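Some notes on the structure that comes next.
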Amino acid sequence: MTKVATRFAPSPTGPLHIGGVRTALFNWLFSKNQKGSFFLRIEDTDKERSKKEYKKQIIQSLKWIGIEHDGKEYIQSEKINEHKKVAEELLKKGFAYKCYCSEKEIEEQKNMAKKKAMAFVYNRKWREPKNLTVPAGVNPVIRFKSKIGGNTIVKDLVQGEINISNSTIEDFVILRQDGSPTYQLSATVDDHLMNITHVIRGDDHKINTVKQKQIYDSMGWEVPNFAHIPLIHSNEGKKLSKRDKASTIEDYIKIGILSDALRNYLLRLGWSFKDKEIFTLEESIKHFALSSVGKSPSRLDMSRILSINETYIKNINEDKLFLNLKTYCEIYKKKIDPKFDSTLKKSLHFLKNKAKTLGNIYENAQYIIKDQIQISSEDLKLLDDLAKKILKEFLKEFENIKNLNKDNLEKIIKGLIDKHKINFKGVGQPLRIALTGSKFGPGIYDIISSLDKNKVIERLKMIK
RNA sequence: GGUCCCAUCGUCUAACGGUUAGGACAGUUGGUUUUCAAUCAACUAAUCGGGGUUCGAUUCCCCGUGGGACCGCCA
């Protein structure tokens, strides 16, 4: 058995797409499950649009979600000569030919195809150039001599069998007029050079597979296994594009989604293992199989992402959560003053219970990480005369407390409830507003015990 | 339009010929003598339609319908 090798091959023309992340994840998971390797190939042959910073960003994004590639990243543009060599060889062997058609001619053919409402298939004019004279001063493109009759069948580990009539596959270009290789050639040669055993990629590459298989066959190379995973659709049910709102990984990081949560969500999108919903990294490696990847596309569902994130926020180690929160706030919100660290840390155990994102924790922790709180005018209205009176009475007794614990606080509050013949809310709500500036939030005992005694007194005194 | 693919609750999915069609998210309702975005409980909700095959079809086959992908000298 040869060692399994997979690859993720993004082009660095933009930030990493959420669909790309899932493709990378499936590749990585499969290779780990098979005890194989996972490589990263940067397809940067589109010089116009490829950017170095995107390459960095892609690697960082993958790392963020827990994916690291083996070895050094493979840079496609560095292998262009290899690709050209293969093109030459195909030419020599008669599997490719030079095409001198002008762009105009091709354009006309495309228009014709459109008019006839047919798929564009190049008319193969130069395939057998018997009565043609090579025009002077025209650089030819090299086209692959695609099979005309019969069908090409590719076994697919997810789709089953891809069976396409060769008549619909055109003689595609493998070398451009300027001599540079096209995707079909480069990707194929690279996969061969890298000894890739399993090509796992988006559904949108299915037709390419048929083209690429012919290159493998012509070169006498072993054809890798293919697995085309269904695409992720937007809310509208279309292929997710960069224009969609939450399409890049950054979009999720910035609202405070945890990497494990996103990984878990993406894993369960199009893949399942019994009724299990939550998978640790180890579990996902252990159970991952291409055979349990579904065939139909799935929609992105924000509420589910949030729900999984909530689960992770509640369950991960608190020290880890704390560090996550700190870095998150520093980058996407506002740096938290270290003087609040200890209070914040000991409050995390209840703050995390009411948050779906790190952003939520940040919002709910405002009363801890700011010296002064702000009360909205609407909440201020809730502090009527009775409420203020209660706060004053609470303060008086609170100042005399020796041991700040729940029992003692309970005593004070109970006393006030009895005295004023009100319910808990009558005391709890004014307190919460006075201490946090919000009528929502953690339990009142949690709030008080998380704050310094002096801080509580100070804030209660602010209410007049 | 051509080629190819797909089809179970609103969403993600389970059931690989025999289940009262299961779970999760969302939604709704109620409890939690304190808020709710927490928690607990309950409820609503699906096999796209029509033909076969079969003792029996969500499952296999065909047709229709709907949705999607591709149709670059981009990757």
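Note that the structure is a prediction, hence the values are computed from the model and not measured. Per chain, numbering begins at 1; letters A, B, ... match sequence-line order. All heavy atoms count here, side chains included; hydrogens, waters and symmetry mates do not.
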ask   = If the P atom of B/G66 is compared with that of B/C73, how far apart are they to the nearest Å?
value = 32 Å

ring-ring contact (aromatic ring centres under 6.0 Å, His included) pairs touching residues 142-177 of chain A, sequence neighbours excluded, are A/Phe144-A/Phe172

message = Measuring only the C1' atom in each nucleotide, how far is B/C55 from B/C70? A whole number of Å is fine.
response = 45 Å

Applying the 3.5 Å cut-off to both distances, the Watson-Crick or G-U partner of B/U65 turns out to be B/A7

By ring pair (Phe, Tyr, Trp, His ring centres under 6.0 Å), A/Phe424 pairs with (sequence neighbours left out) none

Check: For the side chain of A/Thr357 and the backbone of A/Gly359, is there at least one donor-acceptor N/O pair under 3.5 Å apart?
Finding: yes

Ring pair (Phe, Tyr, Trp, His ring centres under 6.0 Å) filter on A/Tyr216, not counting sequence neighbours, yields none

Determine the Euclidean distance between corresponding P atoms of B/A7 and B/C60; express it in Å to zero decimal places.
9 Å

(request) Could you give the distance separating B/A69 and B/G10 at their C1' atoms, to the nearest angstrom? (result) 24 Å

Distance, C1' atom - from B/U58 to B/A21, rounded to whole angstrom:
8 Å

> How is A/Gly441 classified with respect to the nucleic acid when contacts are heavy atoms under 4.0 Å: base, sugar-phosphate, or nothing?
Replying inline: base

Under 4.0 Å, counting only non-hydrogen atoms across every strand here, what does A/Pro10 touch: a base, just sugar-phosphate, or nothing?
nothing

Separation between the P atoms of B/U59 and B/U53, rounded to whole Å
15 Å

Contact check, residues 422-437 of chain A vs RNA chain B, heavy-atom distance under 4.0 Å, returns A/Phe424, A/Arg432

Expected list for residues 41-50 of chain A near RNA chain B, using heavy atoms below 4.0 Å, is A/Glu43, A/Thr45, A/Asp46, A/Arg49

**Q.** Euclidean distance for P, B/U13 against B/C62 (whole angstrom)
**A.** 25 Å

Taken in chain and number order and not counting sequence neighbours, the residues that satisfy salt bridge (charged side-chain N to carboxylate O under 4.0 Å, His left out) with A/Asp244 are none

Residues passing the salt bridge (charged side-chain N to carboxylate O under 4.0 Å, His left out) test with A/Asp204, sequence neighbours excluded, are A/Lys239

pair_partner(B/G2), Watson-Crick or wobble, both distances < 3.5 Å, evaluates to B/C70

Exercise. Describe the nucleic acid contact of A/Lys439 in one word from base, sugar-phosphate, nothing, applying a heavy-atom distance below 4.0 Å.
Key: base

Kindly say whether A/Tyr362 contributes a backbone atom to a donor-acceptor pair with the side chain of A/Gln366 at under 3.5 angstrom?
yes

* To do: Look at all strands and tell whether A/His233 reaches a base, only sugar-phosphate, or nothing, counting heavy atoms closer than 4.0 Å.
  => sugar-phosphate

Side chain to side chain donor-acceptor pair (under 3.5 Å) pairs touching residues 18-27 of chain A, sequence neighbours excluded, are none

Considering only heavy side-chain atoms of A/Val141, the closest of B/A69, B/A38, B/C73 is B/C73

Hits for ring pair (Phe, Tyr, Trp, His ring centres under 6.0 Å) against A/Phe226, two or more places apart or cross-chain, chain-then-number order -> none

message: Below 30° counts as parallel, above 60° as perpendicular, anything between as tilted: where do the rings of A/Phe273 and A/His287 land?
response: parallel

Exercise. For B/C5 and B/C63, measure between their P atoms and round to the nearest Å.
Key: 12 Å

For A/Arg143, the salt bridge (charged side-chain N to carboxylate O under 4.0 Å, His left out) test, sequence neighbours excluded, returns A/Glu170

Contacts of A/Phe95 meeting ring pair (Phe, Tyr, Trp, His ring centres under 6.0 Å) (sequence neighbours excluded), chain-then-number -> none

As its Watson-Crick or G-U partner within any shown strand, both distances under 3.5 Å, B/U47 has none

Under 4.0 Å, counting only non-hydrogen atoms across every strand here, what does A/Lys276 touch: a base, just sugar-phosphate, or nothing? nothing

The answer to which of A/Leu175 and A/Ser438 contacts RNA chain B further toward the 5' end, by nearest nucleotide, is A/Ser438

Across every strand shown, the nucleotide meeting Watson-Crick or G-U wobble geometry with B/U39 (both distances under 3.5 Å) is B/G31

Could you tell me whether the side chain of A/Arg127 and the main chain of A/Ser146 form a donor-acceptor pair under 3.5 Å?
-> yes

Answer for the Watson-Crick or wobble partner of B/U53, both distances under 3.5 Å, is none

Heavy-atom contacts, protein to nucleotides 3-15 of chain B, under 4.0 Å, summarised as B (base), S (sugar-phosphate only) or - (none) per nt, yield SSSSS---SBSS-

